[in-house]
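I have placed the structure first, in the form of structure tokens, so that the comments after it can refer back to it.
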Amino acid sequence: MLIKRIVKLTIVFMMLITLIARANAPGPAQAAGGFADPAFLQVWQRTDAPIAAHKVSRSYYWGPAPGYSTMEDFTDAPGGKRLVQYFDKSRMEINDPNGDKSSKFYVTNGLLATELLTGKMQLGNKGFIDLGAPSIALASDPDDPKAPTYATFGHLLTYAAVGVGSFVNQSISGEDYGPITTDIKLNGYAVKYVYTEPTTGYSIPNVFWDYLNTSGPVLVNGQQVTARLSDPYFYATGYPISNAYWASVKIAGKPNTAVLIQAYQRRILTYVPSAPDGYKVQMGNIGQHYFQWRYGSDPAHPIDFLTRCGATLNNSGGESSSAFSRLWAQNVRLHPQLGCPLPVIGDPAGDLRDNLSMQLFEHGAMVNVITSTTQGQSQTVKRVFALYDDGTVQQFDDTFVDGSSEPTLNPPAGLYAPHYGFGKVWRENTDVQQKLGWATARERKLLLGEYRYTEHGLLIQKNPDLTHVYAMYGKADLQYTGWQFVDVGAPSARQCNSLPAGFTSTSFGKLWTANTIVQQQLDCPADPNGSDAVQADVYIQHFEHGNMVYIYHINHPTPMSTSSANDYALLKDGTLLTSISFYDPNAKPNNDAPPAGLYAPGDKFDQYWRSNPTVQQELGWATAPQQAVSKDDSYFFISGVMIRDGGKLYCLYSFNFYYFIYSEFWASYDEPH
């Protein structure tokens with residue numbers, strides 16, 4: 001009777017351990033027809049068929065049954081795809097269907113642990129996209145907030161290796177990324193490092209080393225024989241890529257259960273001293289975790305958006321330069337809400353036009369979408385969306401009539417009152433005022449390239465940093481139900497065909513080379529000595545609250561005319577007011593009388609300054625006379641210009657990629673030396 005009870009408890013414990021990760025996320029959908037390839041069946045049968053037949057008592061290598069199977073993108077496989085099948089504890093792959101089927105490596109075992117811990121999903125030998133390491137517990141019940149996750153454990157991959165002979169007595173929790181604590185009481189488990197893998201330099205504890213070198217009943221060609229379960233030892237796990245760490249977690253509802261965890265290239269190994277023999281060491285349910293990370297939370301209807309929509313890959317392993325591409329690649333959980341990105345379509349017939357503008361507020365943002373259609377009849381639809389900090393969206397009709405008068409409001413210092421369509425909605429809805437607060441910047445028009453539609457959403461780039469995107473999503477026809485403000489990280493370096501001779505030794509080149517955001521905004525340098533010759537007269541004048549810049553292009557590498565003049569008011573909040581120059585050499589000089597110690601705008605700026613009350617109000621009076629910028633103190637780029645003045649480099653960015661007339665942003669940097 002006692003023996004039967006022990007057997008029952010052993011089976012229950014085995015089932016609970018196997019189901020731990022299934023509680024984290026629903027398991028992969030069962031593939032119709034079972035195993036996707038006879039080779040997968042053969043690999044599974046060798047170690048796991050005896051377990052499924054109840055002929056041995058040990059933990060599964062793969063899992064009790066095959067899961068979801070598909071042809072996943074892999075750029076270096078024949079045809080760019082490979083057959084894969086998911087199991088609870090791994091994913092089997094056939095990278096080359098024409099390879100040697102008698103080789104034990106004809107079926108490979110995915111590097112799932114490496115991908116999950118680094119957050120970089122591999123889609124080719126050198127192709128990666130960064131999805132971020134997930135906050136999925138490695139070895140515990142899902143409702144244990146102190147359990148280590150892939151995200152927390154991933155930070156341990158660079159820690160120095162512990163040598164052979166040392167006790168394994170370091171521990172970690174999932175509450176933060178450290179510090180790692182050492183507790184000599186853990187020496188009581190008698191776990192020591194016994195073998196160092198020369199390939200990675202990390203050592204393997206005795207409990208895992210014994211497990212990886214275990215021999216026992218396996219099924220070969222339908223016959224049960226005794227052989228090594230893993231031959232070579234790293235066949236299923238790969239090499240160790242971290243030290244082993246203890247954690248106190250909840251397993252099968254029992255809190256404070258001691259578990260030892262070590263990461264390998266392909267698997268996570270766990271050791272639970274209190275588990276029954278045969279189940280103390282187990283492979284983690286990494287196949288389930290990876291499936292959830294890649295495909296989302298609905299395994300009954302798996303949608304691989306990376307395959308369906310096409311992934312932007314950089315064969316060097318870097319990220320795409322587009323903020324939208326980075327958002328889409330790094331936030332796989334947004335794919336179902338957003339759907340696939342829609343192509344940027346031109347408007348040769350004028351059948352559809354979208355004019356978008358945006359304004360940032362203390363507690364959210366407002367977006368205005370004006371859609372004009374001319375198919376059959378002219379129709380204009382104007383919508384205003386209020387994006388609140390709680391992730392909700394509220395939609396309003398934009399009923400503002402151009403030219404209508406607006407009340408004068410007095411926002412707190414450094415803040416702004418919204419105007420036009422935003423202002424009307426904001427003033428007429430007290431809940432909008434209370435939820436959003438005052439504006440933190442002026443309303444700005446969005447140019448093509450600053451926004452992107454998806455099947456079910458709208459992405460808006462928060463310039464000029466290129467690192468944040470507003471993602472709105474919901475129903476079709478712009479009936480958005482939610483939004484997120486997503487940090488997509490800095491862009492990758494700009495790839496130019498070549499750089500001008502001596503460029504990188506100049507202060508302009510040093511700033512451009514060191515700052516990827518500057519690179520993306522300005523584009524590649526225009527070689528003043530090459531075919532992209534630039535000739536321009538540049539003037540600058542400093543004001544109380546900003547600067548003004550005048551540029552007269554004699555020649556510029558664009559498809560537009562070869563000469564034009566532009567005035568720029570560089571306002572203190574980083575925005576630009578831009579106009580075709582008001583400068584008229586025949587105009588009479590102004591008679592303005594500035595306060596003592598200040599100056600009136602110079603002749604290049606006077607007419608623009610006087611005709612624009614916003615410029616006057618925002619900039620104030622000049623603090624120094626107008627000055628010409630020497631040829632050595634300006635440098636032109638395909639989409640902007642740098643100007644050196646007083647130890648600062650001023651970057652004026654252009655977003656139409658043709659001419660500076662539509663510049664919207666500027667930034668200043670200390671001149672590098």
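Atoms considered below: every heavy atom in the structure, side chains included; atoms not considered: hydrogens, waters and symmetry mates. Numbering starts at 1 and runs along the sequence shown. What you see is a predicted model, and the numbers here were worked out from it, not measured in a lab.
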Just by distance, no angles: are the side chains of [X] and [Y] close enough, under 3.5 Å, to form a donor-acceptor pair?
X    : Y    : value
R494 : Q520 : yes
T149 : S135 : no
Q262 : Y264 : yes
R228 : N213 : yes

Sub-4.5 Å side-chain heavy-atom contact between [X] and [Y]:
X    : Y    : answer
W246 : V168 : yes
L41  : V43  : no
Q85  : F87  : yes
Q170 : V162 : yes
Q122 : L111 : yes
L116 : P134 : yes

Which atom of [X] lies closest to which atom of [Y], heavy atoms considered:
X    : Y    : value
Y150 : L138 : N-CD1, 3.2 Å
I251 : S140 : CG1-CA, 4.4 Å
V107 : I94  : CG2-CG1, 4.3 Å
R46  : A227 : NH2-CB, 3.9 Å

Output all residues satisfying salt bridge (Lys or Arg N to Asp or Glu O under 4.0 Å) with E197, sequence neighbours left out; order by chain, then residue number.
->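 None.
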
Under the side-chain hydrogen bond (donor to acceptor under 3.5 Å, both in side chains) criterion, do N95 and T108 qualify, and how do the steps go?
-> CA-CA 8 Å; N95 293 301; T108 56; 3.0 Å; yes

Can you classify the ring geometry of [X] versus [Y] as parallel (below 30°), tilted (30 to 60°) or perpendicular (above 60°)?
X    : Y    : result
H468 : F485 : parallel
Y159 : Y245 : perpendicular
Y453 : Y451 : perpendicular

Evaluate side chain to side chain contact (heavy atoms under 4.5 Å, CB included) for I268 paired with M283, printing each intermediate quantity in order.
-> CA-CA 6 Å; I268 298 293; M283 304 276 189; over 6 Å; no

Salt bridge present between E72 and R294 (N-O < 4.0 angstrom) |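 A salt bridge is present here (some side-chain N lies under 4.0 Å from a carboxylate O).
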
Rounded to the nearest 0.5 angstrom, the CD-CG distance for E450 and L459 is 13.5 Å

Output all residues satisfying ring pair (Phe, Tyr, Trp, His ring centres under 6.0 Å) with W209, sequence neighbours left out; order by chain, then residue number.
-> Y195, Y233

